[in-house]
Every structure is written in C-alpha cells, then in structure tokens.
Amino acid sequence: MFFPLLTLEGFNLHVSSVRALRRPTMRHRAVEASLLAVHAVLYVGALFAVLSPGKAVVFLLVHQAIFGVYLGCTFAPNHKGMPMLRGEDKLDFLRRQVLTSRNVRGGVVLDVVLGGLNYQIEHHLFPSMPMPNLRRAQPIVRAYCEELGVDYLESGLVSSYAQALRHLHDVGAPLRSGSPAAG
C-alpha cells in the first residue's frame, strides 16, 4: 500500500502547510499565508486559463499524485528500515545521524533527481551544506566513520527501495494477520 498511499502525499503537504499557519510558533505568518495563497491562485488560475475545467481538474489530481510519489520515492530509501531511536537512546550527534540514515549510491543524474538527498548521512550532519558539496564530503565522512567503527550504510537505489519495502512489510505483518501490534 506504500506507493498507492504516496499518491496522497502531495495533497497532505498542502493541507499541512495551511495547518502550520495555526501554530503559535509560526514566524512571519502573514508572509507565509500570502505566499501560499499566491501560489494556489497562480497554479489553479494557470491550469484553468490553459485547460478546460475538466482537464484542469484531472491535471491537478494527476500532478499532485505524481508529486507525492516522487517525494516519497526521494525520502523513503534514506530512512525506512533504519533504526528508530527512542528518548532513552543516548547517542552522540554523529552516531544519531549516521546510524539512522542510509545513503543511496548513484551518479550525477541520481544526485539531481534526488536533490542531493541520496547523501542523506552527509545532509543530516551538515544540513546547510550546498548539494554539490555533499558528494565531496562523503568520502571524508565515510572514512571518519570507519575510523571510529560507526556503521555507514550505503546501497544502490533498487536495493534501498527493497530494504524499505521489506521493512514496511515486516512492520505491517501484525495488521495483515489480525494480531495486535507489538508496542
């Protein structure tokens, strides 16, 4: 059900953006709300300006569904199936970031398609590092992890999806069997 449910993620992100406006910690609420409104008006307006109403609605639905699948396929291979830390897990920053993430091997094309998030470990360690530099940081981080004895997980794109889907299948087993989930 993972991929079919991803078709709803694009819509979920839009709803979450609007709901975030209600958070008391939201800074620049008026600017955020204005930008969301301008985006919605321009996007929907452009669709209805160039397409018939029926085609505009179908385009919007298909576009948002594909957007959700794309985002899910970008994020899922990096964390699904990786250890989940609890509050009592006392790991240093490096171990917390490295042990809960997986990098996805690939070339420059994969770097662009995944927006550099295939270097998830480096991205978590250095969140403000520009995407092209993540590739350069990887051998340094990998060597440092090896020196410290910290497991650094990296796999190919297909393998990472297989690991993520296997994990989702395993955690969903109690639901399929009708038995209560372990808590």
Side-chain angles (χ1 to χ4, degrees), residues 1-49 56-104 111-134 137 141 150 153 160 164-165 167-168 170-172 174-175 180-183:
M1 292 300 298
F2 177 67
F3 290 105
L5 286 173
L6 284 180
T7 61
L8 302 174
E9 185 58 25
F11 300 104
N12 179 52
L13 287 174
H14 291 294
V15 170
S16 295
S17 295
V18 172
R19 290 172 71 198
L21 293 172
R22 291 187 286 182
R23 281 193 228 139
T25 57
M26 168 68 72
R27 291 177 17 169
H28 311 294
R29 184 183 327 273
V31 173
E32 294 286 344
S34 298
L35 290 172
L36 283 172
V38 167
H39 168 77
V41 168
L42 290 177
Y43 177 72
V44 173
L47 289 180
F48 282 90
V57 169
V58 169
F59 180 91
L60 185 140
L61 294 173
V62 171
H63 177 246
Q64 292 305 304
I66 291 171
F67 174 62
V69 171
Y70 172 70
L71 285 178
C73 289
T74 299
F75 293 107
N78 304 66
H79 291 293
K80 299 291 183 241
M82 299 304 294
M84 299 268 305
L85 301 178
R86 297 187 184 106
E88 66 266 9
D89 293 327
K90 301 295 181 204
L91 295 175
D92 59 57
F93 179 77
L94 175 83
R95 284 171 178 75
R96 182 173 292 277
Q97 303 312 316
V98 174
L99 297 176
T100 60
S101 301
R102 168 192 309 116
N103 277 2
V104 180
D111 292 0
V112 172
V113 169
L114 297 182
L117 293 179
N118 47 317
Y119 300 105
Q120 192 68 197
I121 294 170
E122 290 73 20
H123 170 68
H124 277 244
L125 291 171
F126 311 105
S128 61
M129 181 179 283
M131 189 263 285
N133 294 339
L134 294 171
V141 171
V150 176
L153 185 58
S160 67
L165 291 173
H167 170 73
L168 292 172
D170 291 346
V171 299
L175 295 173

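None of the values given here were measured: they were computed from a predicted structure. Values below: all heavy atoms of this structure, side chains included; hydrogens, waters and symmetry mates excluded.
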- Message: To check you understand the geometry: which heavy-atom pair defines the closest contact between Ala76 and Ala164, and what is its length?
- Response: O-CB, 4.0 Å

- Item | Partner set under side chain to side chain contact (heavy atoms under 4.5 Å, CB included) for Val69, not counting sequence neighbours | Leu6, Thr7, Cys73

- Item | Nearest non-hydrogen partners of Ala137 and Met129, listed with the distance | CB-SD, 3.9 Å

- How would you list, by chain and number, every residue that makes a side-chain hydrogen bond (donor to acceptor under 3.5 Å, both in side chains) with His167, sequence neighbours excluded? none

- Atom OG of Ser17 and atom CG of Leu35: how far apart are they, to the nearest 0.5 Å? 11.0 Å

- Message: Please find the pair of heavy atoms, one from Ala65 and one from Phe11, that lie closest to each other, and give the distance.
- Response: N-CE1, 4.3 Å

- Not counting sequence neighbours, which residues clear side chain to side chain contact (heavy atoms under 4.5 Å, CB included) with Arg27? List them please. none

- Sort and list the pairs that fulfil side-chain hydrogen bond (donor to acceptor under 3.5 Å, both in side chains) and have at least one residue in residues 124-133, not counting sequence neighbours. His79-His124, Gln97-His124, Gln120-His124, Asn133-Arg136

- Between atom CD1 of Ile121 and atom CG of Leu153, what is the distance when rounded to the nearest 0.5 Å? 7.0 Å

- Please identify each residue that fulfils salt bridge (Lys or Arg N to Asp or Glu O under 4.0 Å) with Asp92, with sequence neighbours left out. Arg95

- Message: Let me confirm one number: the CD1-CG distance from Ile66 to Leu61, rounded to the nearest 0.5 Å.
- Response: 11.0 Å

- What distance do His14 atom NE2 and Arg19 atom CZ have between them, rounded to the nearest 0.5 Å? 15.0 Å

- Item | Shortest non-hydrogen separation from Gly116 to Leu134 and the atoms involved | O-CD1, 3.5 Å

- What is the distance from atom OG of Ser34 to atom NE2 of His39, rounded to the nearest 0.5 Å? 14.5 Å

- Message: Among residues at least two apart in sequence or on other chains, which ones pass side chain to side chain contact (heavy atoms under 4.5 Å, CB included) with Val18?
- Response: none

- Message: Using the side-chain hydrogen bond (donor to acceptor under 3.5 Å, both in side chains) criterion, which residues pair with Asn118? Sequence neighbours excluded.
- Response: Asp111

- Message: Any side-chain to backbone donor/acceptor pair from Tyr119 onto Met131? Under 3.5 Å, distance only.
- Response: no

- Note on the structure: So salt bridge (charged side-chain N to carboxylate O under 4.0 Å, His left out) across residues 61-75, not counting sequence neighbours, yields none

- Item | For His63, ring-ring contact (aromatic ring centres under 6.0 Å, His included) partners two or more places apart | Tyr43, Phe59

- Considering only heavy atoms from C-beta outward, does the side chain of Phe67 approach that of Val62 to under 4.5 Å? no

- Message: Can you tell me how far apart CG (Leu8) and CG (Leu13) are? Round to the nearest 0.5 Å.
- Response: 11.0 Å

- Side chain Asn78, main chain Leu117, donor-acceptor under 3.5 Å: yes

- By side chain to side chain contact (heavy atoms under 4.5 Å, CB included), which residues pair with Arg29, not counting sequence neighbours? Leu21, Met26

